[in-house]
Number of protein chains: 2
Amino acid sequence: MTEYATTRIQRKNQALIFEAALDVFSSFGFRGATLDQIASTAGLSKPNLLYYYPSKEAIHSAVLTKLLHTWLAPLRELDENGDPIEEILLYVINKLHAARDLPRESRLFANEIVQGAPRIKSILETDLRHLVEDKVRILRKWIKQGRLAKIDPYHLIFSIWSLTQHYADFDVQVQAVTGQETSFDEAEVFLNHLYRRMLAP
Amino acid sequence: MTEYATTRIQRKNQALIFEAALDVFSSFGFRGATLDQIASTAGLSKPNLLYYYPSKEAIHSAVLTKLLHTWLAPLRELDENGDPIEEILLYVINKLHAARDLPRESRLFANEIVQGAPRIKSILETDLRHLVEDKVRILRKWIKQGRLAKIDPYHLIFSIWSLTQHYADFDVQVQAVTGQETSFDEAEVFLNHLYRRMLAP
DNA sequence: CGTCAATTTTACCAAACGGTCAAACATTTT
DNA sequence: AAAATGTTTGACCGTTTGGTAAAATTGACG
């Protein structure tokens, strides 16, 4: 019996809580979410919830940190040795698919950041910043080599984040305005056109 | 003494409340904002606040509806008789300046929409939708005339919203990643490049 | 100045909230 | 099967929250 063993029940309930917390936090933000809501979504009682996590903050923090890695994965894949425009477009499309397939994750971070990122600011200033710095270096190199239009690499990355996550974070608005389900295929065609035109040297 | 006269005191306090509510709601969202917070920001007591508005909902609703007009003004100005690309770029720059000068308004709507727009969905589906439909018609005409690249006009408008509002709504992230104050001048250069390239027929 | 209406405050309420505790119940281990 | 450990629950607590009632204060006006 080692110190940090996790039982079958623990694993099951941790998973239930994680799903429920992602659901509720992404829908209502940290402040808008309640422990009762998370508990009932997970099919547990509130004290049972707090048996697995010491506090609401702890649940939120656990969900955020666990998902940050997933969320940043597409950017990590941007490959220095690939073709600049194809590499960037791959990243764009991957991010768009993430917005389509993982809208809860997108909204979870959107909710946090739009309110000043009080709980993950430090991560943004370290991990995210370092990752972006590395990719900016690559983009600058490509520009210097004349393989990419002369644009600000930071703003290029921001544009990819905003254009893709918009379809997840502001989906209600997109649907309200178009009167239809959001078409990610149309979005893909649009973004393809946009980035090919913009990025050509 | 007419029925609907507003006194000097009423006007002053309505303005104080409006400012305070915009501040607090845009920072913390509807659920995250408290009446005590709004009251103390306005320099009033909570019951005094509720002397002017019947409920928290009423304050939020008043702020949202009053600002919606301001918020949509730039799009309204898109002129059928102007030069397509210059008209669109004017809209882009106006929206970018709005993100710079009215970040609270931007975050107010961002907070509302990212959580499903429960309180303004109906407005989005009517007023906003009709406005966009009219502008989409203009964009389609321009495309048909060969004065604009063949792009989906809805996605063009979404792109403008997301790219510009990103600098207000996700400002913390932009600053965390760049380590600097957000440069709207750089953003303007970037967006100018992006849209001129993308929109050329 | 006195009167009436408008405004503000004090004291309060009920519900919702995050969280605790000890007892009850399950499960695993010996 | 007993003991030990792990899990769940019901009852509860203090605080915060949106909101109310009525008294006290201030301002408008003849």
Side-chain angles (χ1 to χ4, degrees), chain A residues 1-64 108 111-112 115 118-119, chain B residues 1-64 108 111-112 115 118-119:
Chain A
M1 199 58 59
T2 68
E3 282 279 334
Y4 300 106
T6 58
T7 68
R8 162 182 60 89
I9 296 175
Q10 272 172 24
R11 274 192 300 278
K12 189 195 69 182
N13 283 344
Q14 300 261 12
L16 283 173
I17 292 169
F18 184 86
E19 270 298 304
L22 175 53
D23 245 47
V24 175
F25 281 131
S26 68
S27 296
F28 306 106
F30 179 77
R31 194 84 208 289
T34 70
L35 288 179
D36 288 290
Q37 220 177 344
I38 296 171
S40 90
T41 303
L44 301 172
S45 66
K46 187 167 62 172
N48 201 7
L49 225 187
L50 291 163
Y51 172 73
Y52 291 97
Y53 289 93
S55 68
K56 184 183 178 184
E57 280 272 352
I59 301 174
H60 190 248
S61 168
V63 174
L64 275 174
L108 181 79
N111 260 306
E112 175 70 7
Q115 289 185 15
R119 283 165 288 270
Chain B
M1 202 56 61
T2 67
E3 282 278 335
Y4 299 106
T6 56
T7 68
R8 163 181 59 88
I9 295 174
Q10 270 171 26
R11 272 190 300 279
K12 187 196 70 183
N13 284 345
Q14 299 262 11
L16 283 174
I17 292 169
F18 184 85
E19 269 299 304
L22 175 53
D23 245 47
V24 176
F25 280 132
S26 68
S27 297
F28 306 106
F30 179 77
R31 194 83 209 290
T34 70
L35 287 179
D36 288 290
Q37 218 176 345
I38 297 171
S40 89
T41 303
L44 302 171
S45 67
K46 186 167 62 172
N48 200 7
L49 227 190
L50 291 163
Y51 173 74
Y52 291 97
Y53 289 92
S55 69
K56 185 184 177 182
E57 280 273 352
I59 301 173
H60 190 248
S61 168
V63 174
L64 274 175
L108 181 78
N111 261 306
E112 176 70 6
Q115 290 186 14
R119 283 166 288 271

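The basis for the numbers below is simple: all heavy atoms, side chains too, and nothing from hydrogens, waters or symmetry mates. Below, read A as the first sequence line, B as the second, and so on, with proteins coming before strands; counting in each chain starts at 1.
Within 4.0 Å of A:Ala39, counting heavy atoms only, lies no atom of the nucleic acid at all. No engagement by A:Tyr53 is indicated, since no non-hydrogen atom pair under 4.0 Å with the nucleic acid exists. Among the protein residues, A:Leu50 comes within range of the nucleic acid bases, having at least one heavy atom under 4.0 Å from a base atom. Using a 4.0 Å heavy-atom cutoff across all strands shown, B:Ala33 reaches sugar-phosphate atoms only and no base atom. Counting non-hydrogen atoms under 4.0 angstrom, B:Thr34 reaches the backbone sugars and phosphates but no base.
With D:dG10, C:dG18, C:dT8 as the candidates, the nucleotide lying closest to the side chain of A:Pro47 is D:dG10. Comparing D:dG19, D:dG27, D:dT7 by their closest approach to the side chain of B:Ile9 singles out D:dG27.
Here the shortest heavy-atom pairing between A:Thr34 and A:Val24 reads N-CG1, 4.4 Å. The shortest heavy-atom contact between B:Ile38 and B:Ala20 is O-CB, 3.5 Å. Scanning all heavy atoms of the two residues, the minimum distance from B:His60 to B:Glu112 falls at CE1-OE1, 3.4 Å.
Mapped onto DNA chain D by nearest heavy atom, A:Gly43 and B:Phe30 fall at different nucleotides, with A:Gly43 at the one closer to the 5' end.
For the pair A:Ile38 CD1 and C:dA16 P, the computed distance is 18 Å after rounding to whole Å. Rounded to an integer number of Å, the gap from A:Tyr51 OH to C:dA23 P is 17 Å. A:Asn48 has its CG atom 17 Å from the P atom of C:dC21, to the nearest Å. Rounded to an integer number of Å, the gap from CG of A:Leu35 to C1' of D:dC12 is 16 Å. Rounded to whole Å, atom P of C:dT7 lies 11 Å from atom CD1 of B:Ile17. Rounded to whole Å, atom P of C:dT7 lies 11 Å from atom CZ of B:Arg11. Here D:dT17 presents its P atom at 17 Å from CD of B:Glu57, a figure rounded to the nearest Å. Here C:dT8 presents its C1' atom at 13 Å from CD of B:Gln10, a figure rounded to the nearest Å.
In terms of phosphate contacts, B:Arg31 brings no side-chain nitrogen or oxygen within less than 4.0 Å of OP1 or OP2 of D:dT16. Here B:Asn13 does not reach the OP1 or OP2 of C:dA6: none of its side-chain N or O atoms lies under 4.0 Å away. At C:dT9, one or more side-chain N or O atoms of B:Ser45 fall inside 4.0 Å of OP1 or OP2 (strictly under the cut-off).
A:Phe25 and A:Phe30 have parallel rings, their planes meeting at less than 30° on a 0 to 90° scale where 60° marks the start of perpendicular.
Summarising the geometry, atom CG belonging to B:Leu50 is positioned 10.5 Å from atom CG belonging to B:Leu44; distances are rounded to the nearest 0.5 Å.
Side-chain atoms of B:Lys56 stay outside donor-acceptor range of the base of D:dG19, with no qualifying N/O pair under 3.5 Å.
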